[in-house]
Amino acid sequence: MNFASKYVYDGNQDEYEYVSDDEYHAQLSVSDCSSDEEEPQVSQAAASSLKPENDKPKSFLERMKASLKLKKKTKKKDLDQQKDVNQRKGVRERRKHHWQRRRDETANAMDQRNLSSHPEGKRRFKKADTNVVSVTLNTLKDPSNMHAGDAVKCGGTGCKAIMSHLSKLTAGVSGKVWVCEFCGCNNEVDVEDGEIPAVEDVTFLLEAGLSTETAGTSGQDESIVVFCIDVSGSMGKSFEIPGRVHLRGFHSDGSADDRDVTHVTSLQAVKAAVDKQLEDLAKDHPNRRVAVIAFSDQLLVMGDGTTSQRTIFGHTLNDFKQLEMIGSELALPKPIKGTQHSLSKEIMKLYPTGFTALGPSIVVALGLASRYSGSKIILCTDGLANVGIGKLNSLSSISEENITFYNDIGEKAVEKGVSISVITIKCAETRLVQLGKLADLTSGQVNHVDPMKLTEEFSNILADRIIATNVTATFILHKNLVFLEEDTKEYVIVKNIGNATMETEITFKYGKKADTSEKKQEKEECSKGAMATNANQSSIDQSSTDTGATSGKSPTDTGATSDTAPTELPFQLQLEYIDTDGTKALRVLTQKRPVTQDRALAEEYLNLEVLGPYAAQACANLALRGEYSQSHGMALMNQRLAWRNTREHGQRSERKKYNKIFSKIRSVDQHVTSHQRNERSRFGRSYSDSEDEEDLQQSNASSQRKSRISKSKKRQQRTDEYTDEMASDVYNVKNMSSNAMLL
C-alpha cells in the first residue's frame with residue numbers, strides 16, 4: 001500500500017474551491033507559468049555601448065558630449081528593456097489563474113476566502129486532499145512472508161478485518177480477547193501470542209496449485225494466444241506510406257508511378273504484424289499455443305494451422321451458447337514451436353470480403369482460450385460490428401442486449417482468467433468506447449493505432465504477462481472513515497480485480513465519516529451532560545469517599561473515550577488471488593498512519609506518484625460515465641493540490657513529475673472540454689452544466705421544440721459521440737500505472 005501523504009487528513013468540514021469561467025472553459029494547463037520571474041538584466045547592446053568606439057584620444061569637450069550622449073542612449077535602452085520585462089511579467093501574471101497568484105497568502109486565508117466568497121467564478125468543486133491510497137499488484141509476483149495457520153477474522157457486523165501485527169490480546173472472561181482495531185468489536189480467540197502475524201505483509205495459503213493453469217504439466221508457459229483478425233471488405237482499403245516499404249508476405253508491383261510511396265492495405269499490415277509475432281513467440285516462448293480466427297460476415301476458425309479449418313455462418317452467429325460450445329470443443333492448439341510455419345502460410349492466404357461478425361469471433365475465441373488461465377485474446381479490427389451478436393453498426397438499432405454484451409463477455413473472461421486486448425486502425429471508427437470494455441474489465445490493452453505500428457502494439461500486449469487471476473481486493477478502513485467516490489459509503493469495500501499484470505494499479509479515496517443528525521444530537525447532549533457532571537463532580541467524589549463505594553469502567557467500556565479523536569488510524573488490504581501455478585492465496589497488508597487536522601502538514605508530505613494515478617483514474621471514470629463537469633473539476637482540483645505542493649515544498653524533480661503526470665491527465669481533459677464546447681455551440685449550453693439537475697431543456701434547431709433529457713439520456717448521448725481516438729486515450733489513462741505516468 002502506498003499513501004498520498006504520511007498523514008491522514010481529518011478535516012472538520014467540507015472545503016470547496018471556486019473556478020472562474022475562463023479557467024473552466026479552458027483546457028487543463030500544465031505549463032509552468034508559476035516559476036519565479038527573471039530579474040531585469042542589462043541588455044548586451046547597452047553594455048557594449050559603454051565601450052569606447054575607438055582608442056583615439058579626444059578633447060575634454062568631445063569626451064563630455066560623448067558621455068552625455070551615451071547616458072541618454074543607455075537610459076533609453078534600459079527603459080525599453082524594463083518595459084519589455086514588465087510586459088513579459090504581465091503576460092505571465094495574466095496566464096496565471098487566481099489560485100496561482102496567491103503565493104503570499106497563508107493556506108488558512110486562502111481556505112477562508114474559498115469558503116466565504118467566489119469573486120472570480122460561479123462553479124464550485126470540492127477541494128482535493130491527500131486521503132488517497134494506491135495498490136500496485138506487481139507485488140503478487142513474489143509471495144511475502146508465508147504465515148502458518150489460518151487467518152483469524154473479526155466477527156463484527158460488516159467488518160472483514162484479519163488479525164495482524166497491530167492486534168493485541170487481552171484476558172477475557174473465558175479466554176483471550178482481540179479488540180478489532182477497525183470496528184472495536186470484542187472477539188474471543190483461541191490463539192497464542194506467537195500465532196499473531198509479526199510483520200505488516202503476510203500471505204496465507206488457501207489451496208495448493210495442481211499444475212493445471214498457465215504453467216502446464218511441462219512446467220513452462222503453455223497459455224493460449226488467440227488472434228481475432230478482421231477480414232471484412234473495409235480491411236482492403238489501402239493507404240499511402242512515403243518511400244518504399246517492404247512488408248512480410250507483400251510484394252510491390254514496382255510501378256513507376258509508385259516509386260515514392262507504397263500502397264498498403266490494413267489487412268496486409270495486420271498479416272505482417274501477426275506473422276512477426278509468430279516468429280517471436282516460437283523463439284522466446286516455444287510452448288505457448290497460438291490460434292487464429294478470421295471474421296467477416298462469417299467466421300473462419302483456422303486453429304493452429306495444422307488442423308482442418310471450420311466455417312461458422314448463418315443463424316449460429318446469433319446463438320451465444322452455440323458459439324461458446326463450438327469454441328470449447330475446438331482442438332487444443334499445439335505449441336507454437338511446431339506450428340509457426342503452417343499457421344503463417346494460412347494467415348497469408350486471407351483476403352478482405354464481406355461484413356464484420358466481430359461479436360461472434362470473441363465468443364468462440366473465449367471458449368478456446370478459457371482452457372488455460374492467463375491466456376490472451378487479441379482483437380484487431382477497423383470497422384463496426386454489424387453481423388451476429390454484439391452489433392454496433394447503427395445508433396437506432398443498438399439494443400440494450402448488444403450494449404451489455406461486451407460487459408458480459410468481459411466478466412466471463414475475468415472468471416476464466418483470460419485477458420482481451422483491442423486494437424483498432426486509425427482513420428476508422430469502431431465504437432471503441434464499447435469494445436474497450438472488454439480490455440478494461442480483463443486488464444487488457446486498448447489502442448487506436450497507425451497500421452504500420454501494429455507489430456509494436458502486438459509485442460507490447462504479449463509482453464504484458466498476467467501474474468495472477470481471480471484477484472479480489474478487500475480494503476478496510478477505521479470505522480471513523482468511509483470510502484468516497486465508490487458505490488459504498490462504508491468503511492469496507494470489496495473490488496473484483498480479475499486479472500493482474502505487472503502494471504495493474506488500483507486506487508482508493510477515503511475521508512472522514514459524516515456525522516448523522518442523530519449523532520450530532522447525541523454529541524450535543526453528551527456535551528451538556530459533561531458540563532453538569534463537572535459541576536457536581538466534587539460532591540460525587542466526596543460521597544463515594546464517605547460511603548467507601550468504588551466505581552470504575554470495565555476494560556472494554558469505551559464510554560467517553562469513544563469521542564476521543566484517535567491519533568493514528570489502521571488500514572488493511574486483503575488480496576485473494578490465484579497465481580500462475582494455480583496456487584490460491586490470501587495476502588494481507590496492514591499499516592497505520594498518524595492523523596492531522598492541519599491540511600498544510602498533510603500536503604507537505606504529498607506523494608505525486610500516488611495522487612497521479614488516482615486523479616487519472618477518477619477523471620477517466622467520470623468521462624466514461626458522461627459526467628464531463630465532474631471530470632473537468634476533478635482534474636482542476638487535483639492539479640491545484642499538486643501545484644501547491646510542488647511550488648511550496650517540491651524540488652525540481654517533483655515539478656518534473658507534476659508536468660509529466662498532468663500532461664497525461666490533460667489528454668483526457670482536452671477531449672472532455674472539446675466535447676463541452678461542441679455541446680454549447682450546438683445547444684447553447686453544455687449538457688454537463690445541469691448534471692446535478694433531474695433534466696435539461698434542449699432546444700431543437702429545426703422545430704424549436706423543447707424536450708426534457710434525463711441524466712442517463714445525456715450520458716448515453718455522450719457515449720454515442722465518443723470517437724475511437726477519445727475512447728483510446730480515456731481507457732489508456734484510466735489504466736495507467738504510476739510508472740507509465742512518469743515516462
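Not measured: the values here are computed from a predicted model. Sequence positions, counted from 1, serve as the residue numbers for this chain.
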Which residues pass the salt bridge (Lys or Arg N to Asp or Glu O under 4.0 Å) test with D669, sequence neighbours left out? none
Let me confirm one number: the CG-CD distance from L205 to E207, rounded to the nearest 0.5 Å. 9.0 Å
Residues at least two apart in sequence or cross-chain that pass salt bridge (Lys or Arg N to Asp or Glu O under 4.0 Å) with D464, listed by chain then number, are none
Criterion side chain to side chain contact (heavy atoms under 4.5 Å, CB included) against L140, the qualifying member of V471, T203, T504: V471
Polar side-chain atom of Q572 near backbone of I162 as donor-acceptor pair, under 3.5 Å: yes
Between L636 and L28, is there a side-chain heavy-atom distance shorter than 4.5 Å? yes
What is the minimum heavy-atom distance between A642 and Y658, and which atoms define it? CB-CD1, 3.7 Å
So, the side chain of S5 versus the backbone of A602: is there a donor-acceptor pair under 3.5 Å, distance only? yes
Identify the two heavy atoms, one from G184 and one from V179, that lie closest to each other, and give their separation to 0.1 Å. O-CG1, 3.8 Å
Please check: side-chain N/O of H147 versus main-chain N/O of E195, any donor-acceptor pairing under 3.5 Å? yes
State, with a plain yes or no, whether a side-chain heavy atom of L641 is found less than 4.5 Å away from one of D129. no
Would you mind reporting whether S667 and V733 have side-chain heavy atoms less than 4.5 Å apart? yes
Could you tell me whether the side chain of T136 and the main chain of N138 form a donor-acceptor pair under 3.5 Å? no
How long is the span from the CG atom in N470 to the NZ atom in K416, to the nearest 0.5 Å? 10.0 Å
If I take atom CZ from residue R647 and atom CZ from residue R644, how far apart are they, to the nearest 0.5 angstrom? 12.5 Å
For the residue pair L484 and K126, what are the closest heavy atoms and their distance? CD1-NZ, 4.5 Å
Taken to the nearest 0.5 Å, the spacing of L477 CG from C183 SG works out to 12.5 Å
Backbone N or O of L743 within a donor-acceptor pair of the K664 side chain at under 3.5 Å? yes
Salt bridge check, E415 against K412: does any charged N sit closer than 4.0 Å to a carboxylate O? no
Within the distance-only criterion (no hydrogens, no angle test), does the side chain of S631 pair as donor or acceptor with the backbone N or O of E627 below 3.5 angstrom? no
Salt bridge (charged side-chain N to carboxylate O under 4.0 Å, His left out), that's the test. Do E604 and K6 meet it? Break it down for me. CA-CA 9 Å; E604 181 179 350; K6 173 182 176 181; over 6 Å; no
Let me see the working for C185 and C159 under side-chain contact (heavy atoms from CB on, under 4.5 Å), right down to the final yes or no. CA-CA 9 Å; C185 176; C159 183; over 6 Å; no
Apply the test side-chain hydrogen bond (donor to acceptor under 3.5 Å, both in side chains) to residues E181 and S167: give CA-CA distance (whole Å), side-chain angles for both, the deciding distance (0.1 Å), then the verdict. CA-CA 7 Å; E181 306 83 33; S167 304; 2.9 Å; yes
For the side chain of S419 and the backbone of G444, is there at least one donor-acceptor N/O pair under 3.5 Å apart? no
Check whether R587 reaches the backbone of T139 with its side chain - one donor and one acceptor, N or O, closer than 3.5 Å. yes
What do you reckon, are the aromatic ring centroids of Y510 and F571 less than 6.0 Å apart? yes
Pairs satisfying salt bridge (Lys or Arg N to Asp or Glu O under 4.0 Å), at least one member in residues 143-166, at least two apart: none
Can you list the steps and then say if D729 with R666 is a salt bridge (charged side-chain N to carboxylate O under 4.0 Å, His left out)? CA-CA 10 Å; D729 288 344; R666 181 174 58 184; over 6 Å; no
Could you tell me the separation between the CD1 atom of I665 and the CE atom of M741, rounded to the nearest 0.5 Å? 4.5 Å
Suppose we screen for side chain to side chain contact (heavy atoms under 4.5 Å, CB included). Which residues come up paired with V610, at least two apart in sequence or across chains? N2, A4, V132, S134, N607
Ignoring hydrogens and angles, tell me if any N or O in the side chain of N187 forms a donor-acceptor pair with the backbone of V189 under 3.5 Å. no
Separation between CD of E200 and NZ of K592, rounded to the nearest 0.5 Å: 11.0 Å
Pair Y491, F182 - check ring-ring contact (aromatic ring centres under 6.0 Å, His included), show working. CA-CA 9 Å; Y491 67 97; F182 297 89; 8.0 Å; no
Heavy atoms, side chains only, cut-off 4.5 Å: are Y614 and M634 in contact? yes
Counting C-beta onward and ignoring hydrogens, is there a side-chain heavy-atom pair between K657 and L611 closer than 4.5 Å? no
Any idea which heavy atoms bring L608 and E654 closest together, and the distance? CD1-O, 3.5 Å
Sequence-distant partners of K495, side chain to side chain contact (heavy atoms under 4.5 Å, CB included), two or more places apart: E486, I493, I497, F508
Could you name each residue pair satisfying side-chain hydrogen bond (donor to acceptor under 3.5 Å, both in side chains) that touches residues 731-743, not counting sequence neighbours? D440-K734, D440-N735, E503-S737, E505-S738, S728-N732
Side-chain donor/acceptor of D581 to backbone N/O of T583, under 3.5 Å: no
Flag side-chain contact, heavy atom, 4.5 Å: K584 against I578: yes
